[in-house]
Each structure stands twice: as structure tokens, then as C-alpha cells.
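Structure first, commentary second.
One is the number of the first residue; the rest follow in order along the sequence. All values reported here derive from a predicted model rather than from experimental measurement.
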Amino acid sequence: MRSTPSLTDRVMYVIARHHAEAVYRRFMAATRKATEVQKQVLAAHVRRNADSDFGRDHLFDRIGSVDAFRRQVPILRYEDHRPYIERVCNGRLQAMFGGRQRVRMFALTSGTTDRPKYIPVTDEFLRTFRRGWNVFGIKALLDHPQAFLRGIVQVTSRMDESRTPAGIPCGAITGLMAATQKRLVRKYYVAPQCTAQITEPVAKYYAIMRLAIAQDVAFMITANPATQLKLARTADEHRERLIRDVHDGTLSFELFVPAQVFASLKDRLRPDHERARELEGIVERYGALLPKHYWNLAFIANWTGGTMGLYLQDFPKYFGDVPVRDIGLLASEGRISIPMEDYTPAGILDTQSHFFEFVPPDRIEETNPKTFLCHELDVGQEYFVLMTTASGLYRYHIGDLVRVVGYEGQAPLIEFLSKGAHICSLAGEKLTEHQVMQAVSQAAGRTGIGVTGFVLAPRWGDPPYYMLHIETRGAGDEVLEELTAEVDVRLSTLNIEYAERRRSLRLGAIRGNALPDGFLARLDHEQAESRRRGNEQFKHRYLYSRPGEDAAFPSRQALGSTGRPTE
């Protein structure tokens, strides 16, 4: 099945492609003079907000160089910005921004504490964010020209999940990006933006695949590879119902779809007897209904770095040998890198959008560590990234650890390794050690169960989950079950992205494993003795970052939230 674009679309495509190629050429030209480009970007960000409260508090009027900027502004985390952001939430834009600027929305993401982060999205920030996507998109399409003017499977979330006291919408920046995308591109989204309003996860995945499976899809693009697999598995698990819906022009799970969303989708739900017969033939031939059988995909785009790469081992089963392109290191705070090739998480630093500084991992805890600029990095070395952005964040320590793998001109090629040492992200939840400590403390207080030691460790599976290794003075299985379930509830309260991944079935429930009393103390002692810095500087780790770090832990039959032993 291959769609035929209209003459109007082909003409609009030529115009749009010409513009996108110009954006790409400017980006590549900027890599050859990245040092000067970075100075210009910093100067623009400082000048734009010099008369803001933050600008006056940090004497922006005295900043005329990179060195002056480093002197006037310390390395900051979100909590340092929070007082200014809260004033913007209440309607005082001047707290962070100069005149004639507006805040379109706040991008919500999990913070290091029990409160989410609110990242302001200004017009300038949106412009730079979109430019990065344009560069990524045109290069991916130039490398895979068979994808032009064909269907796109994209999953977005709402940009207006809530509102600030001043009425500014808060949610996912993907929702705003989809709403303001060029009309020509929006036309080829097989699932309209309103599907973001479907909150029941299976119903949302099903609705998207019901619309998509009848179309000529060229590529799938989501941040999280777990979402790609959820879409494919949902279609296969409900294949009989799905084929019937395609044949009849209906949508199962209608009860879980908001009425206004269903009304918007109705015109797209036309009976397609021929496609239904094709899908039935696929099931008869293969005994399954998988994307590699019913679509001719040009490529798939999602994160592949860090723990996200673990999902790729299941891709051939569902998608065949389709190329996979990393979408780059990007977050609500902004885009950091833009990959230019398939099968690698490495991308070129987006030097046109933000001002970047880098700190070696062994120096990041210093009060005022020396920072390095993009042209000063050593290939093969690891660094934490600091960002100064158009959203009012300055020298912002985002917590991302990257490795430099090469250079394109003066711009480094970087690949994402992990969040900081005290953060774990199996499915994009960015769980922090502080949140884990809070959750266990709250759960122990709520249940009255005495906890003498614990470690939360990521485990790979379908879906992945966390194992709570815990010492409770010989408490029985029922007690362990109760405590484990309560920790899961507390984490969902403390971390909005953990809650969303649990709700969307991309993370499984926490499982519990009772450890012998004193095991963790002995382990800490052994690890402390093996380190050069000595026992007095050793700190117990409550959260492990990578699957497999707990492989040597003794294990009883682990208990899930049902109380039944798990494999």
C-alpha cells in the first residue's frame, strides 16, 4: 500500500524542503565557527533579559564576555531558579524575562524533589526548539527519501494538563509543537493531536494504531522506544478487534475515548474492506500482526542512548531490519544534540540554540568548578552539561552525563550516557535518590514497618521495573508486600513522570526482595575499603542507576504488588 500525494502537496513539499535544507546548511556552517556562534548565543540570551529581576540580581549589565558571565552567575540547579519561575507562574514575567516577551506554556517534568519542574516556553525558545527538529528531520528524510509525503506515526501529550495561577497552560511541549507544526506536516500525521486527550493507556495506543494501520506509514517517531513497542504490541494483542474495526469503520474502546475526541476522529473511521482483507491475510500467513508485515517503514526515530538502548533488542521482532535513528539528547529544558546518522546515539551539539559549558564528572561537586567550552573538550572523555537557554535558565546543571566521540568542525559530537550518579531512568522517569529515600521513609511511616536498610535497583523486563532490596528485621511476606506497594504509591506521588510511566504501562510495579539483616552494611564496608578515598568519604547508595548492578544480591522469591511470588 502506497499513498499518492496531491499536486498541491508536491508543490508545497518542494517549497518546504527548500526552506528546511537552508536551515540544515546554516546549522552545518555554524559548526565550523562554533566558538564564535556560542559567544553570540550567550550575548543574545543575556541581552534579551538584562532588565529582568534575575538579570538585575546577577548584574547582567556588567557581562560582556564569557569570563564575566562565569563570574556573575554561579552554576545553578532548578531549585536555584524556582523562586523566579514561581513569580512567572503567578503572572510576573519580568522576574525572568525582558520586555515584549511572552510565555506560551510551561513544560512540566519531574524535579529532584517532590515538586515538578516548570520550564518556561517563550517564543524564542520555541523557535530554537523547532529549528533543531527541522535540522534533525530534513537530514533524516534526505537519508531516507522514500519517507517524503507519507504517513507519520507520532505520539504526543497534552500541553494543557493544568494551568498556573496566572492561567498559563502547563504540560508537554510535544503538544505545543504538534499544534503549531506546519500544515503540510500535520496533514501526514496519521493520528491527530486530539488523541493526546485519551488518558486510558491501552485505549490511546489502540486508537492511534486503529488510525495508523490503515495508512501508508513511512516512519514512527516518539522519544521513548518503549512507546514504539507498546504501539506494536497493542495492535497485535487486539488484532481481531482491530481488523474488525478497520472493516466496519468503527473504534473499539470507544467508552474510554472522550466524546469530543471521538467526534473529531469519526470522519477518519471509514470502512476499509480491502485493507481488512490484507490484514487478515497477514495473520493467516504469520500468526501475528506486526508492523514489519503491514508497513513499509523507511526508519524509526527514538532515543537509543543510555538504558533506552536496551529496548532495541526487541525491535527486529516487531519492525524487522528497519533503520533506527536517535532523535538526539533533548529535554523539556531544550535540545542538546542532533544526530546525523542511523544506529548511533551520537549527535552534533546544537550550538545555535543554547550556550553550553561542560564539567568533568570528578569536578562537578566542587563549589565553583572550572568549566570547558565546546571547542575545549577531549575526545573520549565524559562531561556533565550546563545550559544557558532562551527559557531563562542560566548555567543550568541538567544532570546529563555525555561522552565526546568526535568533532564536526568546532562542534563536538556527543552521546548520552546517563543522568547523574544519583538518578535512574528506565523509561524516561528520571527517578532521583532523594525521591526514593522520601518514598521509603513515607511508606515506612505510613505502614509502621521498621526499615533498617534498602536499595532500589532497576530491572530489565517487559515492562522494566524496580526491585526494592530491603532489610526489615525478618518481616514476613505480607509485610514486605504492603511496604513495596506503598513505596510504589509514594513514588508516583513524588515524581510525575514515574506516575505517568506506571499509568501508561511502560513501567511495572515495584517488586520486593527481603535481604538478610546486616547485608547492606557489610557490602558498604567492602566497597568503602576498596576505594582510595577511604571509608570516611563513602556514602551508601539508595538508588542504583543501571540494570545488573544488584546481580550479586541474595534473593528470596521476590514479591510483586499482588503478593504472589514472581519469577
Q. What's the verdict on side chain to side chain contact (heavy atoms under 4.5 Å, CB included) for Val324 and Asn302, showing C-alpha distance, side-chain angles and the deciding distance?
A. CA-CA 7 Å; Val324 180; Asn302 51 246; 4.1 Å; yes
Taking the six-membered ring for Trp, is the centroid-to-centroid distance between Trp295 and Phe219 below 6.0 Å?
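No, the ring of Trp295 stays outside the 6.0 Å limit from the ring of Phe219, centre to centre.
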Is any side-chain N of the basic residue among [X] and [Y] closer than 4.0 Å to the acidic one's carboxylate O?
X      : Y      : answer
Glu429 : Arg501 : no
Glu526 : Arg522 : no
Glu500 : Arg503 : yes
Asp143 : Lys139 : yes

Is the side chain of [X] donor-acceptor paired with the backbone N or O of [Y] at a distance under 3.5 Å, no angle test?
X      : Y      : value
Gln215 : Val217 : no
Asn224 : Ala427 : yes
Glu497 : Lys430 : no
Thr484 : Ile510 : no
Trp303 : Asp326 : no

inquiry  = Please determine whether side chain to side chain contact (heavy atoms under 4.5 Å, CB included) holds for the pair Ile336 and Leu349, giving the CA-CA distance in whole Å, both sets of side-chain angles, and the decisive distance to 0.1 Å.
reply    = CA-CA 6 Å; Ile336 298 174; Leu349 189 71; 3.9 Å; yes
Between [atom1] of [X] and [atom2] of [Y], what distance do you get to the nearest 0.5 Å?
X      : Y      : atom1 : atom2 : answer
Asp400 : Ile414 : CG    : CD1   : 8.5 Å
Asn513 : His469 : CG    : NE2   : 5.5 Å
Leu491 : Gln442 : CG    : CD    : 9.0 Å

* **Face-on cation placement of Arg275 at Tyr294 ring, 6.0 Å and 45° thresholds** =>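 So Arg275 doesn't make the cation-pi contact.
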Distance-only donor-acceptor pairs under 3.5 Å for side chains of residues 190-197, two or more places apart:
residue, atom, partner, partner atom, Å
Gln193, NE2, Gly175, O, 3.0
Thr195, OG1, Pro192, O, 2.8
Gln197, OE1, Gln260, NE2, 3.4

With no hydrogens and no angle check, just 3.5 Å: does a side-chain donor-acceptor pair link [X] and [Y]?
X      : Y      : result
Thr180 : Arg104 : no
Glu333 : Ser391 : no
Asp236 : Tyr318 : no
Asp488 : Tyr498 : yes

Query - Counterpart residues, side chain to side chain contact (heavy atoms under 4.5 Å, CB included), relative to His397 (two or more places apart) - result: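 Residues passing side chain to side chain contact (heavy atoms under 4.5 Å, CB included) with His397: Ile75, Arg77, Ile364, Phe384, Leu386.
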Considering only heavy atoms from C-beta outward, does the side chain of [X] approach that of [Y] to under 4.5 Å?
X      : Y      : value
Lys204 : Val155 : yes
Arg115 : Glu79  : yes
Pro120 : Phe125 : no
Pro169 : Met105 : yes
Ser337 : Ile348 : no

Could you name each residue pair satisfying salt bridge (charged side-chain N to carboxylate O under 4.0 Å, His left out) that touches residues 293-317, not counting sequence neighbours?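 Qualifying pairs, neighbours excluded: Arg233-Asp314.
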- Task: Verify side chain to side chain contact (heavy atoms under 4.5 Å, CB included) between Thr389 and Tyr396, making sure each step is shown before the conclusion.
- Result: CA-CA 9 Å; Thr389 77; Tyr396 179 74; over 6 Å; no
Practice problem: Please work out whether the ring planes of Phe454 and Tyr542 are parallel, tilted or perpendicular, with thresholds of 30° and 60°. | Solution: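 Aromatic pair Phe454/Tyr542 classed tilted.
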- Query: Using 30° and 60° as the class limits, which term best fits the ring planes of Phe256 and Phe253: parallel, tilted or perpendicular?
  - Reply: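 Judged by the thresholds at 30° and 60°, the geometry between Phe256 and Phe253 is tilted.
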Note to self: Could you walk me through whether Phe553 and Val455 satisfy the side chain to side chain contact (heavy atoms under 4.5 Å, CB included) test, starting with their C-alpha distance in whole Å, then the side-chain angles of each, then the deciding distance to 0.1 Å, before giving a yes or no?
What the structure shows: CA-CA 10 Å; Phe553 280 37; Val455 166; 4.2 Å; yes
TODO: List in chain and number order the residues that pass salt bridge (charged side-chain N to carboxylate O under 4.0 Å, His left out) with Asp248, two or more places apart in sequence or in another chain; answer none if no residue qualifies.
DONE: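 Salt bridge (charged side-chain N to carboxylate O under 4.0 Å, His left out) list for Asp248, sorted by chain: empty.
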Partners meeting salt bridge (charged side-chain N to carboxylate O under 4.0 Å, His left out) with Glu549 (sequence neighbours left out)
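In terms of salt bridge (charged side-chain N to carboxylate O under 4.0 Å, His left out), with neighbours along the sequence ignored, Glu549 is linked to Arg541, Arg546.
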Requested in this report: Only counting residues at least two apart or in another chain, list the ones meeting side chain to side chain donor-acceptor pair (under 3.5 Å) with Thr447.
Outcome: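 None.
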